Amino acid sequence: MAKEIHHRLIILGSGPAGYTAAIYAGRANLKPVLIQGMQPGGQLSTTTEVDNFPGFEHGVQGPELMEKMRAQAERFDATMVYDTILETDLTTRPFRLTADSGDIYTCDALIICTGASARWLGLESEQKLKGFGVSACATCDGFFFRGQEIAVVGGGNSAAEEAIFLTNFATKVYLVHRRDRLRAEQVMQDRVRNNPKIEPVWDSVVEEILGEVGNGGVRGMRVKNVKSGEVRELALTGVFVAIGHSPNTAIFGDQLDKDETGYLITRPDSTATKIPGVFAAGDVQDSHYRQAVTAAGTGCMAALEAERYLTELEDHSH
């Protein structure tokens, strides 16, 4: 039986932003409820080694870091709910969230930490071969391509990072980019250039990924040079797509302000959105840094702002 459940504060999403918001809100005695969504732990749950999160001098595995954050939030009375929100109505008070389970959650304050998801090339062959040699997560799947030749598509930091990481396993990594130089920061460009296993394929776009589902998966890739129009085939067994991320904001429709790429807009030096009582933290509003530590920082900010908002709300109602 579907039910309607009210909480003072609901946090949507369970990456570093969501869990940090839950820790701070829990410590403020707000008894927050965190709805974990499709991927508990967010993008970090699919990352292996996290070397740049402060406090772990030898690095930490992504899933382990998320597990520690979740346990810490639960220690402060945050409640974890395994459900996914499909629809939101932020025009009413309290806010209404309709879940996949059929339950309706209502709340006085909402912290949105729904993160971002990998972008795809939009090719039919890519969709067909996803999981059969096509991936958007080098750290999740690189291990399966030991001793093989593979390709990374993209030209930013994530593409450069993935290409370098994959040289730990693959004998050769083609780096396919539509321009004649990378957009990645200089230190990453130097690392790519100095790695003998990486072969850049400049000025090129992917026309088709070749292979059969179940029958060995990916066996090659057809690339077209955007300057000469020349098409050539590369023989390879894996394709990693690293062309950026899209924020997970579809469930909010046009109720909140977004930038041209769909990221939620928050007020300067704040996590507040245009709707009082609705806050956004982490990768859903940060297209610039997209780091676990910055997501955690904005999660902290959102919880402090939500606490202030709820206190003022209660003062007015008395």
Side-chain angles (χ1 to χ4, degrees), residues 2-37 40 69-70 72-115 247-258 264-282 284-285 295-318:
K3 48 197 185 298
E4 191 164 312
I5 314 144
H6 182 77
H7 302 285
R8 288 170 77 202
L9 173 65
I10 287 179
I11 299 164
L12 285 189
S14 54
Y19 284 145
T20 305
I23 291 166
Y24 274 80
R27 282 172 54 90
N29 212 15
L30 296 176
K31 304 241 182 307
V33 167
L34 186 147
I35 299 174
Q36 292 191 298
M69 284 193 188
R70 185 183 66 80
Q72 193 175 354
E74 287 180 326
R75 194 181 122 214
F76 297 116
D77 281 343
T79 302
M80 304 294 156
V81 175
Y82 292 97
D83 210 343
T84 304
I85 298 302
L86 302 180
E87 252 175 75
T88 60
D89 184 355
L90 308 179
T91 60
T92 60
R93 302 278 163 164
F95 306 124
R96 283 175 75 81
L97 315 172
T98 307
D100 190 33
S101 61
D103 290 344
I104 307 253
Y105 295 88
T106 64
C107 59
D108 302 317
L110 177 67
I111 299 179
I112 298 166
C113 307
T114 48
N248 299 321
T249 52
I251 56 168
F252 309 109
D254 52 10
Q255 301 176 89
L256 296 167
D257 290 338
K258 300 173 187 172
L264 295 182
I265 294 173
T266 51
R267 290 212 305 265
D269 301 321
S270 167
T271 62
T273 66
K274 73 169 185 182
I275 298 176
V278 178
F279 306 89
V284 75
Q285 53 82 245
T298 53
C300 156
M301 289 164 61
L304 296 174
E305 290 184 287
E307 181 197 3
R308 199 174 310 137
Y309 171 80
L310 288 167
T311 305
E312 285 169 8
L313 200 64
E314 269 140 38
D315 288 349
H316 288 313
S317 65
H318 290 320

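Small disclaimer: the values here were computed from a predicted structure and weren't measured.
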Restricting to salt bridge (Lys or Arg N to Asp or Glu O under 4.0 Å), what partner residues turn up for R96, sequence neighbours left out? E4
Under the salt bridge (Lys or Arg N to Asp or Glu O under 4.0 Å) definition, can you give me all pairs with a residue in residues 10-24, not counting sequence neighbours?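 Output for this query is empty, none listed.
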Name all pairs fulfilling the salt bridge (Lys or Arg N to Asp or Glu O under 4.0 Å) condition that reach into residues 266-281, sequence neighbours left out, sorted by first residue then second.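 Qualifying pairs, neighbours excluded: D257-K274.
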List the steps, then state whether side-chain contact (heavy atoms from CB on, under 4.5 Å) holds for S14 with L34. CA-CA 7 Å; S14 54; L34 186 147; 3.6 Å; yes
Quick one: [atom1] on [X] to [atom2] on [Y], what's the gap to the nearest 0.5 Å?
X: L110; Y: I11; atom1: CG; atom2: CD1; answer: 9.5 Å
X: I35; Y: C107; atom1: CD1; atom2: SG; answer: 8.0 Å
X: F252; Y: I85; atom1: CZ; atom2: CD1; answer: 9.0 Å

Name every donor-acceptor pair, under 3.5 Å, that has one atom in a side chain of residues 73-82 and the other anywhere in the protein, sequence neighbours excluded.
from : atom 1 : to  : atom 2 : distance (Å)
E74  : OE1    : R70 : NH1    : 2.9
E74  : OE2    : R70 : NH1    : 3.0

Within a 6.0 Å radius of atom CD on E314, are there more than 12 heavy atoms belonging to other residues, nucleotides or ligands?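 More than 12 within 6.0 Å, yes.
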State whether the number of non-hydrogen atoms from other residues, nucleotides or ligands found under 6.0 Å of D315 atom CG is greater than 12. yes
Identify, with sequence neighbours excluded, every residue that meets side-chain contact (heavy atoms from CB on, under 4.5 Å) alongside [X].
X: K258; value: T249, L264
X: I275; value: L90, R93, F95, L256, T273, V278
X: D108; value: H6, R8, P94, L310, L313

Side-chain donor-acceptor pairs of residues 97-104 under 3.5 Å, sequence neighbours excluded:
from : atom 1 : to   : atom 2 : distance (Å)
S101 : OG     : D83  : OD2    : 2.5
S101 : OG     : D103 : N      : 3.3
D103 : OD1    : K3   : N      : 2.9
D103 : OD2    : K3   : NZ     : 3.3

Does some side-chain heavy atom of I10 sit less than 4.5 Å from a side-chain heavy atom of I111? no
Using modelled atom types and a 3.5 Å cut-off, is there a donor and acceptor pairing between side-chain atoms of T114 and backbone atoms of N248? yes
Which donor-acceptor pairs under 3.5 Å do the side chains of residues 15-29 make with protein atoms, sequence neighbours left out?
from : atom 1 : to  : atom 2 : distance (Å)
Y19  : OH     : Q36 : NE2    : 2.9
T20  : OG1    : P16 : O      : 2.6
N29  : OD1    : K31 : NZ     : 3.3

Run the side chain to side chain donor-acceptor pair (under 3.5 Å) test against [X] and tell me which residues pass, sequence neighbours left out.
X: Q255; result: T88
X: T311; result: none
X: T271; result: E305

Does the plane of the ring in Y309 sit parallel, tilted or perpendicular to the ring in F279? Use 30° and 60° as the thresholds.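 Plane angle over 60°, so perpendicular.
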